[in-house]
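Letters go in sequence order (proteins before strands), and every chain restarts at 1.
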Amino acid sequence: MTEELGLPGQDSDGGSEEVVLTPAELIERLEQAWMNEKFAPDLLESKPEIVECVMEQLDHMEENLRRAKKGDLKISIHRMEIERIRYVLSSYLRCRLMKIEKFFPHVLEKEKTRHEEEPSRLSPEEFAFAKEYMASIETYLKNVALKHMPPNLQKVDLLRSVPKPDLDSYVFLRVKERQENILVEPETDEQRKISLVTGEWRPYWSVRNPWLCWQSK
Amino acid sequence: MDPAEVEFLAEKELVTIIPNFSLDKIYLIGGDLGPFNPGLPVQVPLWLAINLKQRQKCRLLPPEWMDVEKLEKIRDHERMEETFTPMPSPYYMELTKLLLNHASDNIPKADEIRTLIKDVWDTRIAKLRVSADSFVRQQEAHAKLDNLTLMEINTSGAFLTQALNHMYKLRTNLQPSESAQSQDF
């Protein structure tokens with residue numbers, strides 16, 4: 001009873017096509033996305049296809065359980081699994097929301113200035129949340145402090161006052177596939193860190209058997 | 001990452017149980033399990049095994065590596081080598097803790113095993129500290145460490161990465177940089 005789910009994906013030529021995943025693989029991908037989001041200092045690409053498919057699976061399973069007869073053990077086992085998957089999903093979404101709240105002006109700026117083909121870092125719901133959050137903060141600052149300031153000081157530039165995500169921070173990476181000739185240490189001191197952020201994943205503090213394949217733009 | 005979250009991931013590892021009930025195959029989202037027949041060993045994820053054990057529906061079998069002699073060999077090997085040796089399971093610490101807490105009656109020589117695993121853990125964490133120390137002293141940009149488990153990384157990882165971040169900021173502020181961002185309101 002393993003169904004297969006169609007997921008938009010990319011093949012090695014960079015063309016987009018449906019990638020067929022088993023539910024187990026889908027959950028695996030969700031957990032990868034969760035771990036990547038937890039360890040990365042910046043908001044990563046949003047994965048709407050994974051989130052939607054996982055929610056579909058959970059709803060489907062809930063539906064089955066509602067209709068099933070009172071076979072105690074099977075139902076409780078299924079419920080436990082559903083709770084586990086739900087936990088990972090919520091934790092993933094919470095982590096993203098936390099980063100959106102922390103970096104909201106930069107996140108919105110990036111969204112405004114991205115190109116058509118670039119994937120968005122925010123799902124539509126997250127985008128709405130970010131805009132509302134920004135509006136709330138602006139109103140709050142205005143009502144609590146700014147309107148009481150002398151007229152020439154009543155503006156605050158949120159882009160400059162809210163700290164940017166620290167793209168130079170150290171991370172742990174786990175190498176999933178062998179990659180040759182990754183350049184980690186170019187000449188100047190500054191470049192050493194920047195090379196982590198742009199392009200394919202670099203082993204930074206790289207641990208070969210476990211953790212994280214982090215790809216960032 | 002929370003240690004509890006690392007344990008959460010470890011709970012997906014498969015272990016062998018001997019159920020005392022019967023149930024036909026179940027089709028979980030993460031995979032198929034069973035069928036369950038009394039007395040016949042079956043592989044299930046750890047989270048399910050622990051739950052069934054708590055409900056007294058099964059007996060747990062220790063994993064093949066959870067044996068005093070094997071662990072003694074592993075411990076001695078780890079003490080001899082300067083680098084990290086491969087561990088029998090990427091979640092050896094969590095598996096040991098959960099199995100010994102919930103099913104010590106199913107595991108022979110549980111106390112010795114606990115001590116041995118603790119010794120191995122202590123040795124590895126000490127090596128990690130030395131390695132982190134030399135990483136910081138020599139101001140390396142990256143380091144490669146094989147055979148570390150997530151729990152070990154997690155124990156020192158948060159502190160290490162933050163300390164390195166601070167040091168990086170201090171280092172780069174020594175050089176006058178064009179993109180100095182400071183508040184000039």
Side-chain angles (χ1 to χ4, degrees), chain A residues 1-2 22-24 26-28 31 34-35 38-39 41 54 57-58 60-61 64 71 73-74 76-78 80-82 84-85 87-88 91 153 156-157 160-161 163-164 166 168-175 182 184-185 188-190 192-193 195-196 202-211, chain B residues 1-2 5 8-9 11-12 21 23-34 36 44-45 47-48 51-52 55 57 84 86-87 90 132 135 139-154 157 160-165 167-169 171-172 175 177 179 181 183-185:
Chain A
M1 199 184 112
T2 45
T22 62
L26 173 70
I27 303 297
E28 199 53 51
E31 288 178 359
W34 176 53
M35 295 206 54
K38 270 203 174 287
F39 285 108
V54 170
Q57 284 288 302
L58 288 178
H60 187 58
M61 192 55 93
N64 285 348
L73 191 56
K74 263 199 196 182
S76 69
I77 295 179
H78 278 283
M80 277 194 282
E81 195 202 18
I82 286 182
R84 283 178 64 91
I85 296 176
Y87 169 70
V88 175
S91 185
L153 288 173
V156 83
D157 182 353
R160 282 177 63 192
S161 19
K164 280 206 305 220
D166 184 7
D168 292 330
S169 61
Y170 283 77
V171 290
F172 279 91
L173 292 191
R174 173 195 185 198
V175 182
I182 306 276
V184 178
E185 320 219 21
T188 71
D189 220 297
E190 306 163 28
R192 256 202 235 167
K193 296 298 281 283
S195 71
L196 171 67
R202 308 281 155 108
Y204 209 64
W205 236 104
S206 97
V207 182
R208 197 187 293 147
N209 267 331
W211 305 116
Chain B
M1 213 181 196
D2 235 5
E5 286 168 339
F8 179 83
L9 287 170
E11 285 172 343
K12 293 191 314 164
F21 60 94
L23 196 58
D24 31 294
K25 222 168 172 199
I26 48 176
Y27 302 96
L28 291 180
I29 299 177
D32 305 338
L33 296 178
F36 299 82
V44 296
W47 57 268
L48 182 58
N51 188 273
L52 289 174
R55 296 201 256 185
K57 285 193 171 308
F84 296 93
M87 281 287 111
F135 183 82
Q139 303 195 351
E140 301 276 353
H142 75 288
K144 181 167 93 87
L145 295 158
D146 297 338
N147 302 321
L148 265 189
T149 66
L150 183 60
M151 191 58 118
E152 288 152 356
I153 298 177
N154 197 59
L160 183 62
T161 47
Q162 278 195 25
L164 290 171
N165 289 343
M167 290 193 39
Y168 176 71
K169 287 199 172 78
R171 262 208 315 276
T172 49
Q175 300 144 17
S177 98
S179 61
Q181 298 226 334
Q183 291 188 310
D184 43 64
F185 280 118

| Going through the distances and angles, do Phe39(A) and Ile153(B) end up as a side chain to side chain contact (heavy atoms under 4.5 Å, CB included)? | CA-CA 12 Å; Phe39(A) 285 108; Ile153(B) 298 177; 5.9 Å; no
| request: Show your working on side chain to side chain contact (heavy atoms under 4.5 Å, CB included) between Tyr87(A) and Glu5(B) and close with a plain yes or no. | output: CA-CA 10 Å; Tyr87(A) 169 70; Glu5(B) 286 168 339; 3.1 Å; yes
| task | Mind running side chain to side chain contact (heavy atoms under 4.5 Å, CB included) on Leu28(B) and Met61(A) for me, showing each step along the way? | result | CA-CA 9 Å; Leu28(B) 291 180; Met61(A) 192 55 93; 5.7 Å; no
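When heavy atoms are compared at a cutoff of 4.5 Å, Glu11(B) approaches chain A by way of both its backbone and its side chain. For a residue to count as touching a neighbouring chain, one of its non-hydrogen atoms must lie under 4.5 Å from one of that chain's; by this rule Leu153(A) does not touch chain B. For Asn51(B), the part lying under 4.5 angstrom from a heavy atom of chain A is the side chain only. With a 4.5 angstrom heavy-atom cutoff, Leu52(B) touches chain A only via side-chain atoms. With a threshold of 4.5 angstrom between heavy atoms, Leu23(B) approaches chain A through side-chain atoms but not through N, CA, C or O. With a 4.5 Å cut-off on non-hydrogen atoms, Leu48(B) touches chain A through its side chain but not through its backbone. Heavy atoms closer than 4.5 Å to chain A are found in the backbone of Lys25(B), but not in its side chain. Both the backbone and the side chain of Phe8(B) come within contact range of chain A, each with at least one heavy atom under 4.5 Å from a heavy atom of that chain. For Ile27(A), the part lying near chain B is the side chain, with the backbone staying farther off; criterion is any non-hydrogen pair under 4.5 Å.
Between chain A and the options Arg55(B), Lys169(B), Lys57(B), heavy-atom pairs under 4.5 Å are most frequent for Arg55(B).
Evaluated for a side chain to side chain contact (heavy atoms under 4.5 Å, CB included) with Ile29(B), the options Arg84(A), Gln57(A), His60(A) yield exactly one hit, Gln57(A).
Inter-residue side-chain proximity for Leu33(B) and Glu81(A) is flagged as unmet; no heavy-atom pair is nearer than 4.5 Å.
Annotation for His78(A) and Tyr27(B): closest pair CE1-O, 3.2 Å, computed over non-hydrogen atoms. Across every non-hydrogen atom of Gly30(B) and Ala24(A), the tightest pair is O-CB, 3.4 Å.
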